[in-house]
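The next block holds one structure in the form of structure tokens; read it before the comments.
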Amino acid sequence: MLLTIIGGCGAWPAAGQACSGYLVEHDGFRLLVDPGYATVPRLLERITADQVDAVFISHGHPDHCADLNPLLRARTLRDDPPAPLPVYSLPGALDAVLALDRPGMLADAYVLHEFIAGDQLAIGPFRAQTCLLPHSVPNAGIRLTAGERVLTYTGDTGPSPDVVDLARDADLLLAEATFADQVPQDMRHHLSSARQAALQAKDAEARHLLLTHLQPGTDATAARAAAEAEYDGEIGVATSGLTIDLH
């Protein structure tokens, strides 16, 4: 299983960067997870739009799904459009982004598979276990298994024992860490810090922690240091272009 970070900013893309966007590959199958703001131009530096085999979206905030629109445009506004793209999301999560164009313009570009958080999915070669994690809107974390490798992604979430369960013995936990250490009081139920992500990685006995969704202005060095204070495993920070082979 190969993970490539397309973008890792939270809330909005910092200059020259992109919001959440992750390409997960196995046996030639390419799954795009959370095409947030500014991810498609970076994705297209690596592969063509028609080479995306499926999309999974954790929740409907635009920093996780806005670039689904240009991805679908790039697939359908051409002389030889590919087969409709399977798109997996929670019910209603994509209503806004799918309504950006005139009615019917992108209808043939995708097939929407809405699921209930807690469902198990088969997405190409991946076995996917989903889980509802606490956020300001419904958010589905996902545990992807292919062969003997496991990648868990939180989407956006406040601290929850369900994160630990979803990431149990995972090879990699890709965890939202909007803040380095202290989460503002009014956000503590639906966002996490690098320190909290590390505590959950430790409890889950995940082998590798990758911090993502750092809000622009958050010091990546401070975030890593906060995580290192709680977790002894390998720690990284998601930056565009980073590739991790879960071998």
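Just the heavy atoms: all of them, side chains too, but no hydrogens, waters or symmetry mates, feed the values below.
- Salt-bridge formation is detected for the pair Asp171/Arg207: a Lys NZ or Arg NE/NH1/NH2 atom is positioned less than 4.0 Å from an Asp or Glu carboxylate oxygen.
- Glu25 contributes atom CD, which lies 8.5 Å from atom OG1 of Thr243 (distance to the nearest 0.5 angstrom).
- A donor-acceptor pair under 3.5 Å is absent between the side-chain atoms of Asp67 and the main chain of Pro70, judged by distance alone.
- The two residues Gly28 and Asp53 have their closest heavy-atom pair at O-OD2, 3.7 Å.
- Closest of all the heavy-atom pairs between Ala180 and Ala222 is CB-C, 4.1 Å.
- Between His64 and His59, the ring planes are tilted. Angles from 30° to 60° get that label.
- Of all heavy-atom pairs between Asp63 and Gly10, the closest is OD2-C, 4.0 Å.
- Remark: Leu72 CG to Thr76 OG1 distance equals 8.0 Å, nearest 0.5 Å.
- Expressed to the nearest 0.5 Å, how far CD1 of Ile142 lies from SG of Cys131 amounts to 11.5 Å.
- A donor-acceptor distance shorter than 3.5 angstrom exists from the side chain of Glu176 to the backbone of Ser192, with no hydrogens or angles considered.
- Both Leu31 and Leu246 belong to a common hydrophobic cluster when Ile, Leu, Val, Met, Phe, Trp and Tyr are linked at side-chain heavy-atom distances under 4.5 angstrom.
- Under the 3.5 Å distance criterion, the side-chain polar atoms of Thr157 are left unmatched by any main-chain donor or acceptor of Leu133.
- Within 6.0 Å of CG on Asp79 lie no more than 12 heavy atoms contributed by other residues, nucleotides or ligands.
- The closest donor-acceptor contact from the side chain of Asn139 to the backbone of Thr154 lies under 3.5 Å.
- No continuous path of hydrophobic side-chain contacts links Val111 to Met105 [ILVMFWY only; heavy atoms under 4.5 Å].
- Of the possible donor and acceptor atoms, none in the side chain of Asp245 sits under 3.5 Å from a partner among the backbone N and O of Leu2.
- Under the 4.5 Å side-chain contact rule for hydrophobic residues, Ile6 and Leu242 do not share a cluster.
- The closest side-chain donor-acceptor pair between His213 and Thr178 falls under 3.5 angstrom.
- Side-chain atoms of Gln200 come within 3.5 Å of backbone atoms of Ser160 as a donor-acceptor pair (strictly under, hydrogens ignored).
- Distance alone, capped at 3.5 Å, is enough to place a donor-acceptor pair between the Asp219 side chain and the Thr221 backbone.
- Between the side chain of Arg75 and the backbone N or O of Leu106 there is no donor-acceptor pair closer than 3.5 Å.
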- Message: Run Thr130 and Asp119 through side chain to side chain donor-acceptor pair (under 3.5 Å) and show every step you take.
- Response: CA-CA 6 Å; Thr130 64; Asp119 285 353; 5.7 Å; no

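- Asp181 and Ser193 are not linked by any side-chain donor-acceptor pair at a separation below 3.5 angstrom, with hydrogens and angles left out of the test.
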- Message: Assess the residue pair His135 and His61 against the criterion (side chain to side chain donor-acceptor pair (under 3.5 Å)); give the C-alpha distance rounded to whole Å, side-chain angles, the decisive distance to 0.1 Å, and a yes or no.
- Response: CA-CA 10 Å; His135 192 45; His61 281 156; 3.2 Å; yes

- Task: Check step by step if side chain to side chain donor-acceptor pair (under 3.5 Å) holds for Gln215 and Thr218.
- Result: CA-CA 6 Å; Gln215 184 162 301; Thr218 299; 5.9 Å; no

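- Annotation: Phe56 is not in aromatic contact with Tyr22 [ring centroid separation under 6.0 Å not met].
- Heavy atoms only, all atoms of each residue included: Leu173 and Ala167 are closest at CD1-CB, 3.9 Å.
- Residues Pro184 and Phe179 meet the side-chain proximity criterion, which asks for heavy atoms closer than 4.5 Å.
- Of all heavy-atom pairs between Gly60 and Cys65, the closest is O-SG, 3.5 Å.
- Not one N or O on the side chain of Arg42 forms a donor-acceptor pair closer than 3.5 Å with the backbone of Ser240.
- The number of heavy-atom neighbours closer than 6.0 Å to CD of Glu114, taken from other residues, nucleotides and ligands shown, is above 12.
- Here the closest non-hydrogen pair linking Ile57 and Pro35 is CG1-CD, 3.7 Å.
- Between atom CD of residue Gln182 and atom CZ of residue Arg188 there is a gap of 6.0 Å, rounded to the nearest 0.5 Å.
- Taking OH of Tyr153 as the reference point, atom CG of Leu3 lies at 11.0 Å (rounded to 0.5 Å).
- Linking ILVMFWY residues whenever their side-chain heavy atoms come closer than 4.5 Å, directly or via other members, places Phe115 and Leu144 in the same cluster.
- By the neighbour-count criterion of 12 heavy atoms within 6.0 Å, atom CG of Asp50 is densely surrounded, having more than that number from other residues, nucleotides or ligands.
- Checking side-chain atoms of Gln51 against main-chain N and O of Thr48 turns up a donor-acceptor pair under 3.5 Å.
- For the atom pair Tyr231 OH and Leu209 CG, the distance stands at 6.0 Å (nearest 0.5 Å).
- Counting heavy-atom neighbours within 6.0 Å of Asp232 CG, excluding the residue itself, gives a total of 12 or less.
- A continuous path of Ile, Leu, Val, Met, Phe, Trp and Tyr side chains, each step under 4.5 Å between heavy atoms, connects Leu71 with Ile47, placing both in one hydrophobic cluster.
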